[in-house]
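Position 1 is the first residue of the sequence; numbering continues from there.
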Amino acid sequence: MLKTAAVLGRKSIIWPRQPAISSILTRSAVSAVPNEPKSPSVKTAVPGPKSLELIKELGTIQSSHAVQLFIDYEKSLGNYLVDVDGNTFLDVYTQIASAPLGYNHPRFIATIKDPKNLAHLANRPALGNLPSKDWNDKLRGALLSVAPPGLKRVQTMACGSCANENAFKLIFMAYMRKKRGGKAPTELERTSAIANQAPGCPQLSILSFTRAFHGRTVGCLSVTHTKWQHKLDFVHLDWPFVDFPKSKYPMDKHEEENKAEAKRCIELVKQKFLESEKKGVPIAGVIVEPIQAEGGDNHAHPDFFRGLQKVCKDHGAYFLVDEVQTGGGATGRFWHHETWNLPSPPDIVTFSKKMLTGGFYFADELMPTEAYRVFNTWMGDPVKVILLEELIKVVKEEKLLENATVTGQKMVSGLTELQKVYGTQITGSRMSGAMGAVDVRDGAHRDKLVDGLKNKGIQIGGCGENQVRLRPSLIFQPHHAEIFIDKFNQVLGENK
């Protein structure tokens, strides 16, 4: 058996059968956040006794079935999460991909302490009625400064689910305005809508895809097709869905197969549009994730997305790109759909997670024409937009999009080497920027690997049926990737 030594921080690791690993791993660099821990440290079983006791106590108040750990957020810093038992984890999951600068980033702390922001912290306005005097400036300085090319309008929301749910409303309203020829709704349409009846409540649908996840509200669950836990016992809208491409990885090594698969799925989309028209429930819009995240980190060839947009235009439907997981820099670009080279912008792009606030960008055609059509009490949170404004400055000043790309390359190189040794356990390593995953031979083994990583100080999660997913922060650097690869190597070696 060939053995190669590689240095990771202070620890000398012996890598079985991995002569290429030593060329991938390098000495640690300086972390983006001062005083960040140098490495993970596990003192107890995971979860530890204090977490277990708190989980039990929480269970007397509300459901605690999904709670993994209780966290000491005062002690957590940078890319490291500290739990109540004193265990320190390198976090490659970051609150389900929603902590762009990790924990207690000094720029965020300074922003919160800034006296000029105190009024925003003390008062949460009903933004749809009474926005603050600087709200327009905040929108321009934050959200519009990184708007997808060609989209100049934005609406904030609280989360990804409500962003998608209200994006559906924009689609339905615009579709019906076209159908009316721009005329005002009739009195019959107004009165019948109150009773959930046609013509005021028309039979329309949104097309989605297998393995998609778009949120947990009723409309979003109707376009979600992942786990039974997400949908069982809930009433759903009978909306159409077709296959999302099943790509082969690495994508650049299977170009022709993946293009053919994209073409197959586009033909299914065309067929479903025709079927829905005949059924009397036309498709008003199509929703798609650039990378299906919860469904297993599924990628598709750009031809698929360009074809989707064309089918939408051919049928007068709207093209909605759900960038809740991919937006905000995770893939090395602010918006992953920019990699598709679309002939024109999407009609709507939804966002949340790394963008800190939920919301959507949209084309002029989708602008509501009446008050209270897209509305709720808060319509987002100004404090999150203030933090987003600072986040964007940090991303640009510290070149964090470039960092995500470089770190992602380090991660996928390490994972590819691990596949050569542990090919019976893991396959299909893929990264887009620092957003990635690896396929595990089955779901039970995936869960065993995830538990093993946690007990070695790596906070991580799964997705799909048998994937381990990687969702580090934007300040996750190559030396953090080295630590993760080292720990993953150990866990794989212990679970042959």
Main chain of [Y], side chain of [X]: is a donor-acceptor contact present, judged purely on distance under 3.5 Å?
X      : Y      : value
Ser352 : Cys159 : no
Gln459 : Val92  : no
Thr405 : Leu401 : yes
Ser76  : Val82  : yes
Ser247 : His299 : yes
Ser64  : Val67  : no
Asp91  : Thr94  : yes
Glu323 : His337 : yes
Asp114 : Ala110 : no

What I'd like to find out is whether the side chain of [X] reaches to under 4.5 Å of the side chain of [Y], using heavy atoms alone.
X      : Y      : result
Phe89  : Val46  : yes
Met435 : Ile291 : yes
Phe488 : Val438 : yes

**Request:** Kindly write out the residues that satisfy ring-ring contact (aromatic ring centres under 6.0 Å, His included) with Phe304, not counting sequence neighbours, or none if the list is empty.
**Result:**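 ring-ring contact (aromatic ring centres under 6.0 Å, His included) list for Phe304, sorted by chain: Phe209, Phe244.
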
Can you confirm whether the side chains of [X] and [Y] place a donor and an acceptor under 3.5 Å from each other?
X      : Y      : answer
Asn489 : Tyr422 : yes
Asp134 : His120 : yes
Thr416 : Gln419 : no
Arg446 : Asn466 : no
Asp83  : Ser51  : no
His225 : Ser208 : yes
Asn403 : Gln477 : no
His214 : Ser222 : no
Lys353 : Gln95  : no

**Prompt:** Looking only at heavy atoms, what is the nearest atom pair of Val218 and Val235, with distance?
**Reply:**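 So the two residues come closest at CG1-O, 3.8 Å.
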
**Nearest heavy atoms of Gly215 and Ser161, plus distance in Å** =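 In terms of heavy atoms, the two residues are closest at CA-OG, 3.2 Å.
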
**Prompt:** Residues in side-chain hydrogen bond (donor to acceptor under 3.5 Å, both in side chains) with Ser432, at least two apart?
**Reply:**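 Not a single residue meets the side-chain hydrogen bond (donor to acceptor under 3.5 Å, both in side chains) criterion with Ser432.
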
With a 4.0 Å cut-off, would you call [X] and [Y] a salt bridge?
X      : Y      : answer
Arg107 : Glu397 : yes
Asp439 : Arg430 : yes
Glu417 : Lys420 : yes
Lys227 : Glu294 : yes
Asp297 : Arg471 : yes
Lys248 : Glu261 : no
Lys384 : Glu389 : no

**side-chain hydrogen bond (donor to acceptor under 3.5 Å, both in side chains), paired with Thr44, selected from Asn455, Asp85, Asn87** =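 It is Asn87; the other options fail the test.
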
**Message:** Please determine whether side-chain hydrogen bond (donor to acceptor under 3.5 Å, both in side chains) holds for the pair Ser31 and His479, giving the CA-CA distance in whole Å, both sets of side-chain angles, and the decisive distance to 0.1 Å.
**Reply:** CA-CA 8 Å; Ser31 293; His479 68 278; 3.1 Å; yes

**Message:** Centre-to-centre under 6.0 Å for Phe213 and His230, is that the case here?
**Reply:** yes

**Asked** Are Phe351 and Tyr361 close enough that their ring centres sit under 6.0 Å apart?
**Response**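 Here the rings of Tyr361 and Phe351 have centres that are less than 6.0 Å from each other.
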
**Prompt:** Going by the angle between their ring planes, with limits at 30° and 60°, are Phe168 and Trp239 parallel, tilted or perpendicular?
**Reply:**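 If you compare the ring of Phe168 with that of Trp239, the planes turn out perpendicular.
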
**Request:** For the pair His236 and Phe234, name the ring-plane relationship: parallel under 30°, tilted 30 to 60°, perpendicular over 60°.
**Result:**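 Judged by the thresholds at 30° and 60°, the geometry between His236 and Phe234 is tilted.
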
**Asked** Quick one: NZ on Lys487 to NZ on Lys456, what's the gap to the nearest 0.5 Å?
**Response**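 Atom-to-atom, Lys487:NZ and Lys456:NZ are 6.5 Å apart.
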
